[in-house]
Colleague: 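Below are the structure tokens for one structure; questions will follow.
Just so we're clear, the structure is a prediction, and the values are computed from it rather than from any experiment. The figures here come from the full heavy-atom set of this structure, side chains too, leaving out hydrogens, waters and symmetry mates.
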Amino acid sequence: MTLHGLIRHDDFQWHLPMTGDMRVPAIVYGSLELVRAMEDQALTQLRNVACLPGIVRAAMAMPDAHSGYGFPIGGVAAFDPARGGVVSMGGVGFDIACGVRTLLTGLTRDDILARREALADALFHAVPSGVGQGGRIILKGDEMAQMLEGGAAWAVGRGYGLPADLARIEDHGRMPGAMPGHVSPRARERMRDQLGTLGGGNHYLEVQWIERILDADKGAAFGLREGDAVISIHCGSRGLGHQIGQDFIDELAPGSKARRKGKAAAPNPYLPVPDRELVCAPIDSEPGRRYLGAMRAGINCALANRQVITHLVRGVFADLFPAARLDLLYDVSHNTCRAERHLAEGKEQTLFVHRKGATRALGPGHPELPDTLRATGQPVLVGGSMGTASYILAGTAEGEARSFASACHGAGRSLSRTEARRRFKGRDVVDTLQHHGIFIRTFSDRGIAEEAPGAYKDIDEVIASAAGAGLAVPVARTHPLICVKG
DNA sequence: ATGTAC
């Protein structure tokens, strides 16, 4: 059958054949229900991505995909630098290295319930949240450049967290190749007091309990037990990542800001692209290398941010649950472009994989995994919407082969922020969730309305699709107890 | 996502 021009390949995979300027086909992973509900604009964007130079195999959409800036959120695309492949700001996403990390607590749901009000208040107090909010750490002198260069490894060196944390972070907590010199003064200025802050939008700090283990062996290997409490932190590179993306779009998209200011727009030989929002530069070009260097600095910023927040959370638990030890399960970014080795067109090659609202999912045996995770595959952390379940999955060999080792990153929006604000009232949403035993702490009623569970797809359906497509295997389903929301 | 516009 066909839907939106997609041809059904099997229960969870749909193909968009090459038409017009497409250089490769497009693939959408998802159940009939999810694909039927997918916005036309997300599919148009996917088709546009398939037109970009140097794209390899296919433009892909994960089951949680929806429309974004240029690329769909939930989009995956890999480019070959040797064939004019590009890097795109819209393909990384504005919030560079936005991601999730999950901490084990060794505590049970009942332990948390006994101190729930105090814990919710203490976390809300300890971790600054909200749009534009700064924190108590001010980066001075060379510290900004060191943080952008060193990521979570820098943070651990400064006493924020434990050396053992680093093995449980992508790239061991530090993305190599960062070029802080290509991060604008304005981007740095925005970050000056934002390290260790959650931000707004869909970012959160949740205490969750494991209501179901879905794969006993992998669950045990991850240290997960039914009834235990875990902590999930979802945030990114705050104003810095956003400013990096904006700076490069302004530079590379003629006719945007530079022209408005009366300056000559920087000549960009790489445009036109099918959509101005897909503005990009060849990986092997001066601006491409500069953006990659700045973007990698943005990745380190997000890794450092989640590391510092972890330290703040540990401080809270040290007060309220002195016996608890908060071990890091894993930290994954879901807005990145990474150079990775993949088997494509019959040979192993280095490709630049954009994952925008998509999670890397390495299968068992992958050399980049730490020894402790080598046998199970990479933990794939998929955050649900506020008040709904989240999942922990594991990467698979099939996923490595099919989707450049990528899986979904969340529930995925089903309503725009504007539409969500129109339909829901923040106060009501908080009351309803409280009634269901989920404690929300926030400064922003408006943010709550935008993030209402009803504005998101059904996470269970998304996970069933990712699992059905073989992209990752579900290991545990968690449910929120406390949610600190920007 | 975002000092939700400079």
Colleague: Need one value for A/E450: base, sugar-phosphate or nothing, where a base atom within 4.0 Å counts as base even if backbone is also close, heavy atoms only.
Modeller: nothing
Colleague: Expressed in angstrom and rounded to an integer, what is the separation of A/N335 atom CG from B/dT2 atom C1'?
Modeller: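 So the CG-C1' distance, A/N335 to B/dT2, works out to 13 Å.
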Colleague: For A/E419 and B/dT4, give me the distance from atom CD to atom C1', rounded to whole Å.
Modeller: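 From A/E419 CD to B/dT4 C1': 18 Å.
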Colleague: Whether A/R417 contacts B/dT4 is assessed here as follows: a side-chain N or O lying under 4.0 Å from the phosphate OP1 or OP2. Is that the case?
Modeller: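 No, A/R417 has no side-chain N/O under 4.0 Å of OP1/OP2 on B/dT4.
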Colleague: Under a 3.5 Å threshold, yes or no: a donor from one side chain and an acceptor from the other, between A/Y330 and A/R168?
Modeller: no
Colleague: Separation of A/Q194 atom CD from B/dT2 atom P, in whole Å?
Modeller: 8 Å
Colleague: Mind calculating the distance between CG (A/D193) and P (B/dT2) to the nearest angstrom?
Modeller: 13 Å
Colleague: Between B/dC6 atom C1' and A/H242 atom NE2, what is the distance in whole Å?
Modeller: 14 Å
Colleague: Could you check how far CD1 of A/I249 sits from C1' of B/dA5, rounded to whole Å?
Modeller: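 Nearest whole value for this atom pair: 16 Å.
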Colleague: Just by distance, no angles: are the side chains of A/E451 and A/Y204 close enough, under 3.5 Å, to form a donor-acceptor pair?
Modeller: no
Colleague: So what does A/G201 touch, heavy atoms closer than 4.0 Å: a base, only the sugar-phosphate, or nothing?
Modeller: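 A/G201: backbone/sugar contact only, no base atoms under 4.0 Å.
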Colleague: Does A/H234 or A/R446 map to a spot on DNA chain B nearer the 5' end, using the closest nucleotide for each?
Modeller: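 First, find each residue's nearest nucleotide; the 5'-ward one identifies A/H234.
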Colleague: Determine all donor-acceptor pairs shorter than 3.5 Å in which one atom belongs to a side chain in residues 171-178 of chain A; sequence neighbours excluded.
Modeller:
residue, atom, partner, partner atom, Å
A/D171, OD1, A/R338, NH2, 2.4
A/D171, OD2, A/R338, NH2, 2.7
A/R174, NE, A/E149, O, 3.0

Colleague: Within this structure, what is the CG-to-C1' distance between A/D95 and B/dT2, rounded to whole angstrom?
Modeller: 9 Å
Colleague: Base, sugar-phosphate alone, or nothing: which one does A/G93 contact when heavy atoms must sit under 4.0 Å apart?
Modeller: nothing
Colleague: A/F248: which residues meet the ring pair (Phe, Tyr, Trp, His ring centres under 6.0 Å) condition with it, sequence neighbours left out?
Modeller: A/Y291
Colleague: Take the protein atom CD of A/Q243 and the nucleotide atom P of B/dA5, then report the distance between them rounded to whole Å.
Modeller: 15 Å
